[in-house]
Colleague: 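My structure is below; once you've seen it, I'll send some questions.
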Amino acid sequence: MQAVLGGGISGLSAAYYLHKLGVKPKVNVYEASSRVGGWIWTSKQKNGLLFEQGPRTIRPRFEAGMNTLQLVEELKIAKLVRGIPNSHPTAKNRMIFVKGKLHILPSSLPELFVRKPPFSKPLAAALLHDIKAKKKVLDDESIYSFVERRLGWELAEYAISPMICGICAGNAKEISVKFLAKSLFEFEQAHGSITKGLLVTAWRNRKKLWSRADESKLDPGSLAHKAKQERWSVWSLEGGLEVLPQTILKSIKSHGTKIKMNATCSQILFNSEGAALTIGDKNVQAKTVISTVPAQRLAPLLVQHPFLTEELGKIPCVTVAVVNVAFKGNVLNHNAFGFLVPPSEERPILGVIFDTCSFPQNGFTVLTVMMGGHWFESRLGKAPSSDSIFRTAISEIRSILNISDEPYDYCVSVLKDCIPQYVVGHQNRVQKIREYILKNKLPLLLAGSSYDGVGVNDVIFSAKQAAEQAAIT
Ligand SMILES: Cc1cc2nc3c(=O)[nH]c(=O)nc-3n(C[C@H](O)[C@H](O)[C@H](O)COP(=O)(O)OP(=O)(O)OC[C@H]3O[C@@H](n4cnc5c(N)ncnc54)[C@H](O)[C@@H]3O)c2cc1C
Ligand SMILES: C=Cc1c2[nH]c(c1C)Cc1[nH]c(c(CCC(=O)O)c1C)Cc1[nH]c(c(C)c1CCC(=O)O)Cc1[nH]c(c(C)c1C=C)C2
C-alpha cells in the first residue's frame, strides 16, 4: 500500500497523480479530521451566499499555475472556472492603508515614474538607490533587509511588508528573501545590483522577450492557453474553491483510493518493507509514505530520526483569524481587490479582501477581514473569543471603509497554524532535510505548503512531483 498523509488539496492531488501515473499498489489517504480539503473551505450561508474561509483565487502563472489548470481540465470542471483579466479593476487596484488613508499601489510601468503617496518619490527612483548601493555577499537574509538595502526603506515598509502579510501573514523582517525575490537576490550576488542583473538577463533573453513563444507551446484548445490569451490575473471556481478538492475526492474514490477519515498518524517507523504507520490505535504497513501534513506535525512522528524531528520542527507556522462578512447592496466606495495594512501601522487587522468586487453575489457585498498571523497574540490576545474577533473586525471596517450598515451575515474562523513561515535559512534547511532522507534511503516523500511554496499551485505541483518520485522508487 502507498500511504498519503493528509487529505488537504496536496494529499488529494498526490493520490490523484499516483493513480494517473499507474503506481501500484493501492493508495490510502489518512486524514486526521472529519472532512477533506484542509484550508480550502467554502461555507454556504443563508440566501446561497458563499464565504471562502481560506484561499479564494489562484494565479495562472508559471509551470505550477499551468499544471493546476490542466488538472482542472482533467477533472472536467473547466466550465466552472471564472477568470479575472489583468484589465479588471480588482487586478489593477490593490491598496494599502497608511496614516489613515487608502492608497492604490502602482500596477503599470508608466505609474512607476510618477510620485504616488505614501511614497515620497516615484518608484523608479528606487533603481538609482540600487545602482548606488554597495554589493553585500550573503547566503540569505530577510526580504525586508534586502529591499531596504537595495531599493530603500519606503519600498520595504509600504510595498514588501504588506505584500508578505498578504501572502503568508508573516513579518518581512524574518521571512527569507528567497521566498519571493530569489532571482533579484541572485542578481545582486552575481552582478552587484538588481538593475545590472535585470539588464544582463533582458539582453540574454532578448529574442524570447519579443516572441510569444510560451503561448505557442500551449495546446490552443486548453484552459492554460485561454488564461494566457485572455490575460487572466487570477481565477476561481463557480460554487467556490472547495469544488476543487471535492472533485478530486470523487475522482480518486472512483479509482479505488481509500480515504480514511478521523485517521491521525501518530508515528512512522521505517523498516525493511517500507514504513509502519500508527493510525489511531492500529498499525499499517506502507511501501512509501507521501507526507502532505505541515512539517511541524510531521516532526514528532519521526522518532527514529532525531535530525528530521529537529529540522522539520524548525519550520514554524502562524495562526490567522478570518472574518467573512456580508452586507445587503453595495456598501463600498472602491472597486478593488482589497487592501493590506503595513505592520508599522500597528492596527489589529492584516487586510481586507473585497470578494464581491471580483465575483459578485446577487446584490450583496462580501468582505473577508484577515487578522493575526505573526502578530496574533500581540494584537488579538492569547485566546480571543469569536465575539471579540468579530467586534474588532467590524470596528476596523467601519472606520477604514466608512461602512455604517449592519451586517446581513458573518462567520468567524480561527485557522490555527495555517501558514508556514519561510524564515531566513528555510531553503537550506529543506535541502538538508531532503538530503538526509535520500542518504538514509527512507521511503518518505515531502509535499505540501511547508517546503517549496505556500500557494495552491505550489502545493499541487509539489504533490505531483512527490507522486512522480514514488513512481520510480
Ligand atoms: C487564510 C488563507 C488564505 C489563503 N489564500 C490563498 C490564495 O488566495 N491563493 C492561494 O493560492 N493560496 C492561498 N492560501 C494557501 C493555500 O490555501 C494552502 O497552501 C493550501 O490549501 C495547503 O494545502 P495542503 O493540502 O498542503 O495543506 P492543508 O490544507 O494544511 O492539509 C493538510 C491536511 O493534513 C491533515 N493532517 C495534519 N496532521 C495530520 C496527521 N498527523 N495525520 C493525518 N492527517 C493530518 C490536516 O487535517 C489537513 O487536512 C491561503 C491559506 C490560508 C490559510
Ligand atoms: C492578509 C492575509 C492574507 C491574504 N491572503 C493570504 C493571506 C495570508 C494568502 C495568500 N494570498 C496570495 C497567496 C499566494 C498565492 C500564490 O499563487 O503564490 C497566498 C498564500 C496571493 C496574494 N494576495 C495578495 C498578494 C499581494 C498576493 C501575492 C501574489 C499576487 O500578486 O497575486 C493581496 C492580498 N492578500 C490579502 C489581502 C487583504 C490582499 C490585499 C490587497 C489577504
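Numbering of residues begins at 1 and proceeds along the displayed sequence. Both counts, for ligands and for their atoms, begin at 1 and track the order of listing.
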Colleague: Under 3.5 Å between some N or O of ligand 1 and some N or O of Asn457?
Modeller: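 N/O-N/O distance below 3.5 Å does not exist for this pair.
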Colleague: Taking the ring centre of each residue, are Phe390 and Tyr410 less than 6.0 Å apart?
Modeller: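 Between Phe390 and Tyr410, the centre distance is under 6.0 Å.
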Colleague: Which bit of Ala263 is near ligand 1, meaning a heavy atom under 4.0 Å away: side chain, backbone, both or neither?
Modeller: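 The backbone, only.
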Colleague: In terms of residue, atom name and distance, what is the protein heavy atom nearest to atom 26 (O) of ligand 1?
Modeller: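 For this ligand atom, the closest protein heavy atom is Ser10 OG, 2.4 Å.
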Colleague: Which value, rounded to the nearest 0.5 Å, describes the distance between Ile248 atom CD1 and Ser13 atom OG?
Modeller: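 Between Ile248 CD1 and Ser13 OG, I get 4.0 Å after rounding to 0.5 Å.
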Colleague: Report yes if Ala32 has an N/O atom closer than 3.5 Å to an N/O atom of ligand 1; otherwise report no.
Modeller: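 Yes.
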Colleague: Where do Tyr158 and Trp153 land on the ring-ring contact (aromatic ring centres under 6.0 Å, His included) test, with the steps shown first?
Modeller: CA-CA 9 Å; Tyr158 297 136; Trp153 169 85; 5.7 Å; yes
Colleague: Walk me through it: do His426 and Phe179 pass the test ring-ring contact (aromatic ring centres under 6.0 Å, His included)?
Modeller: CA-CA 9 Å; His426 175 85; Phe179 175 58; 8.3 Å; no
Colleague: Does ligand 1 have any atom that is closer than 4.0 Å to a heavy atom of Ile9?
Modeller: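 Ile9 counts as a contact of ligand 1 under the 4.0 Å cut-off.
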Colleague: Should you measure from each heavy atom of Gly6, which atoms of ligand 1 turn up under 4.0 Å away?
Modeller: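 So the answer, numbered in order with elements, is 33 (C), 34 (O), 35 (C), 44 (N).
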Colleague: If we check side-chain contact (heavy atoms from CB on, under 4.5 Å) with Leu5, which of these qualifies: Leu444, Ile290, Leu277?
Modeller: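 Running side-chain contact (heavy atoms from CB on, under 4.5 Å) over Leu444, Ile290, Leu277 with Leu5 returns exactly one hit, Leu277.
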Colleague: Is the Phe359-Trp235 ring centre distance short of 6.0 angstrom?
Modeller: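 No.
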Colleague: With heavy atoms of Leu350 as the reference, note each atom of ligand 2 found under 4.0 Å away.
Modeller: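 With Leu350 as reference, the close atoms of ligand 2 come out as 1 (C).
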Colleague: In ligand 1, which numbered atoms sit nearer than 4.0 Å to a non-hydrogen atom of Val454?
Modeller: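 It comes down to these atoms of ligand 1: 15 (C), 16 (C), 18 (C), 19 (O).
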Colleague: Identify, for atom 8 (O) of ligand 1, the protein heavy atom at the shortest distance, and state residue, atom and that distance.
Modeller: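 Nearest neighbour among protein heavy atoms for atom 8 (O) of ligand 1, to 0.1 Å: Thr57 O, 3.4 Å.
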Colleague: Atoms of ligand 2 less than 4.0 Å from Cys165 heavy atoms?
Modeller: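 Result: 1 (C), 2 (C), 3 (C), 7 (C), 8 (C).
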Colleague: Is it the side chain, the backbone, both or neither of Arg59 that has a heavy atom closer than 4.0 Å to ligand 1?
Modeller: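 Under 4.0 Å from ligand 1, Arg59 contributes no heavy atoms.
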Colleague: Could you state the interatomic distance from CG (Asn93) to CZ (Phe354), rounded to the nearest 0.5 Å?
Modeller: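 Rounded to the nearest 0.5 Å, the CG-CZ separation comes to 10.0 Å.
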Colleague: Please check if atom NZ in Lys226 has more than 12 non-hydrogen atoms from other residues, nucleotides or ligands closer than 6.0 Å.
Modeller: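 Not more than 12 within 6.0 Å, no.
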Colleague: Looking only at distances, please establish whether an N/O atom of ligand 1 is found under 3.5 Å from an N/O atom of Trp39.
Modeller: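 Yes, Trp39 has an N/O under 3.5 Å of an N/O on ligand 1.
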Colleague: Could you go step by step and tell me if Asp452 and Arg434 meet the salt bridge (charged side-chain N to carboxylate O under 4.0 Å, His left out) rule?
Modeller: CA-CA 12 Å; Asp452 309 306; Arg434 289 219 163 97; 3.1 Å; yes
Colleague: To check your reading of the model: name the closest protein heavy atom to atom 53 (C) of ligand 1, its residue, and the distance in Å.
Modeller: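 In this structure, atom 53 (C) of ligand 1 has Cys418 SG, 3.4 Å as its nearest protein heavy atom.
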Colleague: Where is the nearest protein heavy atom to atom 6 (C) of ligand 1: which residue, which atom, and how far?
Modeller: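 Atom 6 (C) of ligand 1 sits closest to the protein heavy atom Pro55 CB, 3.2 Å.
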Colleague: Is Ile58 in polar range of ligand 1, meaning some N or O pair under 3.5 Å apart?
Modeller: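 N/O-N/O distance under 3.5 Å: no.
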Colleague: Is there any N or O on Ile353 that sits under 3.5 Å from an N or O of ligand 2?
Modeller: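 Among all N and O atoms of Ile353, none is under 3.5 Å from an N or O of ligand 2.
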Colleague: Would Lys173 pass as a cation-pi partner of Tyr144, given that its NZ or CZ must be under 6.0 Å from the six-membered ring centre and within 45 degrees of the axis?
Modeller: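 Output yes; distance and angle both within limits.
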Colleague: For Lys44, is the NZ atom crowded, meaning more than 12 foreign heavy atoms sit under 6.0 Å from it?
Modeller: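 Incorrect, the count does not exceed 12.
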Colleague: If you measure every N/O of Ser33 against every N/O of ligand 1, is any gap under 3.5 Å?
Modeller: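 Not met; the criterion fails.
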Colleague: Consider ligand 1: state whether an atom of it lies below 4.0 angstrom from any non-hydrogen atom of Leu415.
Modeller: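 Distance cut 4.0 Å: Leu415 passes for ligand 1.
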Colleague: Which ligand 1 atoms does Ser449 reach within 4.0 Å, using its non-hydrogen atoms?
Modeller: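 So the atoms of ligand 1 that pass are 19 (O), 26 (O).
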Colleague: Any idea which atoms of ligand 2 are less than 4.0 Å away from a heavy-atom of Gly351?
Modeller: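 Matching atoms, with element in brackets: 38 (C).
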Colleague: Check whether any heavy atom of Thr264 sits under 4.0 Å from an atom of ligand 1.
Modeller: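 Within the 4.0 Å threshold, so yes.
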Colleague: Counting only heavy atoms closer than 4.0 Å, does ligand 1 sit against the backbone of Leu5, its side chain, both, or neither?
Modeller: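 The answer is neither.
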Colleague: Would Glu242 and Arg35 pass as an ion pair if we require N to O under 4.0 Å?
Modeller: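 Salt bridge between Glu242 and Arg35, a charged N being under 4.0 Å from a carboxylate O: yes.
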Colleague: Test ring-ring contact (aromatic ring centres under 6.0 Å, His included) on His334 and Phe339 and set out the steps.
Modeller: CA-CA 10 Å; His334 301 86; Phe339 68 87; 8.6 Å; no
Colleague: Among protein heavy atoms, which sits nearest to atom 45 (C) of ligand 1, and what does the distance come to when rounded to 0.1 Å?
Modeller: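 Heavy-atom neighbour on the protein nearest atom 45 (C) of ligand 1: Val293 CG1, 3.4 Å.
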Colleague: What I want to know is whether Arg59 and ligand 2 share at least one N or O pair that is separated by under 3.5 angstrom.
Modeller: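 Yes, since at least one N or O of Arg59 sits under 3.5 Å from an N or O of ligand 2.
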Colleague: Give the residue, atom name and distance (to 0.1 Å) of the protein heavy atom nearest atom 4 (C) of ligand 2.
Modeller: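 Its nearest protein heavy-atom neighbour is Gly166 O, 3.4 Å.
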Colleague: Can you tell me the protein heavy atom closest to atom 49 (O) of ligand 1 and the distance?
Modeller: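 Of the protein heavy atoms, Glu31 OE1, 2.7 Å lies nearest.
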Colleague: Decide if atom CH2 of Trp41 counts as having more than 12 heavy atoms of other residues, nucleotides or ligands within a radius under 6.0 Å.
Modeller: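 Not buried by this count: 12 neighbours or fewer within 6.0 Å.
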Colleague: Output the list of atoms in ligand 2 that are nearer than 4.0 Å to some heavy atom of Ile419, sorted by atom number.
Modeller: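 This gives 8 (C) as the contact atoms.
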Colleague: In this structure, are over 12 heavy atoms from other groups packed under 6.0 Å from Lys314 atom NZ?
Modeller: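 Check passes, neighbour count above 12.
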Colleague: Work out whether the distance between some heavy atom of Val320 and some atom of ligand 2 is less than 4.0 Å.
Modeller: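 No.
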Colleague: Below the 3.5 angstrom mark, is there an N/O of Cys265, backbone or side chain, next to an N/O of ligand 1?
Modeller: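 Min N/O separation from ligand 1 is below 3.5 Å for Cys265.
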Colleague: Give the atoms of ligand 1, by number and element, whose distance to some non-hydrogen atom of Tyr30 is under 4.0 Å.
Modeller: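 Atoms satisfying the 4.0 Å criterion: 43 (C), 44 (N).
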Colleague: Note the single closest protein heavy atom to atom 31 (O) of ligand 1, along with its residue, its atom name and the distance in Å.
Modeller: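 Of the protein heavy atoms, Gly8 CA, 3.5 Å lies nearest.
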Colleague: Indicate the ring-plane relationship of His19 and His255, choosing parallel, tilted or perpendicular according to the 30° and 60° boundaries.
Modeller: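 Parallel.
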Colleague: Which atoms from ligand 1 have a heavy atom of Arg56 less than 4.0 Å away?
Modeller: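 Once the distances to Arg56 are compared, the set is 8 (O).
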